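Contents: one structure, followed by commentary.
Remember, it's a predicted structure, so these values are computed and weren't measured experimentally. In each ligand, atom 1 is the first atom listed, and ligand 1 is the first ligand listed.
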Amino acid sequence: MTHSSTASSAAPTRPPPVECLNGGLLLDGVCLCADDWKGDTCSEENFCKAEMVDGLNFPRTPIGWFSYSEEVCPEGSSAGKPRAATRCSNNNGSLAFQHPQRLQCSLTLSDILKNVRNAVDPEILATSAQILTSRPEELTAENVTAAAEIANMLLLSESQSVKTAAVATVSQLLNASVLDNTEENNATLRSTNFSLQRFISENSIKYS
Ligand SMILES: *[C@@H]1O[C@H](CO)[C@@H](O)[C@H](O)[C@H]1NC(C)=O
């Protein structure tokens with residue numbers, strides 16, 4: 001049974017929250033909550049709890065955010081990179097991690113770039129590039145340039161999950177310390193940085 005409701009003209013006046021919980025900031029009587037809380041006083045959980053999924057441990061993560069496993073690749077070019085990525089999502093009110101996507105630990109960003117050019121398995125490549133750039137402070141100039149090229153190509157994909165991983169990769173690359181390091185900041189990197197920044201400003205509405 002449906003019936004139309006009319007908005008009450010005399011909106012009940014609600015006293016402003018006395019205090020914002022969990023680190024929320026009170027601004028003009030409204031609480032601005034930290035990413036992992038919501039509600040009038042920031043008292044409602046807005047995160048997936050730390051959890052083991054598929055044998056891997058993921059830390060507490062706000063809804064909509066990606067999470068990387070605490071377990072890392074043991075050796076080789078990917079040593080120390082997370083073994084897998086997942087995302088905290090809201091399924092009809094229940095917050096849960098999605099099925100984790102695993103990194104093949106032997107892959108390097110240059111391998112991925114080659115495979116992207118040959119259009120091999122974009123879903124796996126997009127996740128792998130995202131995981132390999134998840135610790136931006138560890139990236140070399142070569143890594144950043146390769147990853148930016150990978151992300152640019154994957155953004156043309158038809159698949160929403162591939163595009164989402166590519167956007168996450170770009171936002172991680174913007175935090176690469178090599179981009180701020182003037183010694184290493186050669187012409188290639190400066191133009192990579194410029195195209196990353198431009199990409200974000202052009203797509204921030206579409207992908208936010
Ligand atoms: C990052 O770049 C270095 C060389 O600058 C390379 O040895 C390493 O394999 C690259 N890492 C990844 C994950 O591609």
Side-chain angles (χ1 to χ4, degrees), residues 52-59 61 64-88 97-200 203 207:
M52 181 182 268
V53 190
D54 243 13
L56 297 172
N57 285 290
F58 293 91
T61 304
W65 288 39
F66 283 98
S67 182
Y68 299 101
S69 68
E70 282 161 14
E71 291 78 8
V72 296
C73 291
E75 58 205 7
S77 60
S78 308
K81 307 292 185 195
R83 291 214 95 120
T86 181
R87 197 176 187 190
C88 173
F97 284 122
Q98 295 171 351
H99 184 70
Q101 305 287 314
R102 287 186 179 247
L103 172 67
Q104 210 182 305
C105 290
S106 59
L107 276 182
T108 65
L109 288 161
S110 26
D111 297 331
I112 296 174
L113 184 53
K114 267 182 234 142
N115 289 330
V116 167
R117 289 195 176 118
N118 297 324
V120 181
D121 276 337
E123 305 276 342
I124 292 172
L125 298 176
T127 303
S128 302
Q130 183 190 341
I131 295 175
L132 289 175
T133 54
S134 63
R135 298 183 172 186
E137 64 286 354
E138 295 170 4
L139 298 174
T140 66
E142 190 188 324
N143 300 153
V144 172
T145 304
E149 210 172 317
I150 292 165
N152 270 322
M153 293 171 83
L154 292 175
L155 283 163
L156 304 174
S157 167
E158 302 279 288
S159 152
Q160 191 56 49
S161 61
V162 168
K163 280 192 279 196
T164 302
V167 170
T169 301
V170 170
S171 72
Q172 290 170 168
L173 290 177
L174 289 170
N175 292 320
S177 39
V178 75
L179 292 175
D180 303 326
N181 181 334
T182 41
E183 243 168 73
E184 291 215 57
N185 202 339
N186 58 29
T188 314
L189 262 190
R190 276 196 301 275
S191 81
T192 298
N193 195 9
F194 175 73
S195 58
L196 291 172
Q197 301 276 3
R198 197 187 48 195
F199 168 82
I200 287 286
N203 291 278
Y207 291 108

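Of the residues listed (L56, D54, T86), the one engaging F97 in a side chain to side chain contact (heavy atoms under 4.5 Å, CB included) is T86, and it is the only one.
Within 6.0 Å of CD in E137 there are more than 12 heavy atoms belonging to other residues, nucleotides or ligands.
Looking at S78 next to ligand 1, no N or O pair under 3.5 Å apart turns up. Geometrically, ligand 1 and S110 share no nitrogen or oxygen pair separated by less than 3.5 Å.
Close approach of ligand 1 to E142 is summarised as follows: ligand atoms under 4.0 Å from at least one heavy atom of the residue are 4 (C), 5 (O). Heavy-atom proximity to S77, at under 4.0 Å, picks out these atoms of ligand 1: 9 (O), 13 (C).
Between P59 and S67, the shortest heavy-atom distance links the atoms CD-OG, 3.4 Å.
Of the options T108, N143, L109, the smallest heavy-atom separation from atom 8 (C) of ligand 1 is shown by N143.
Q104 and S128 share no side-chain donor-acceptor pair at under 3.5 Å.
Between E71 and R102 there is no salt bridge, since no side-chain N of the basic residue sits under 4.0 Å from a carboxylate O of the acidic one.
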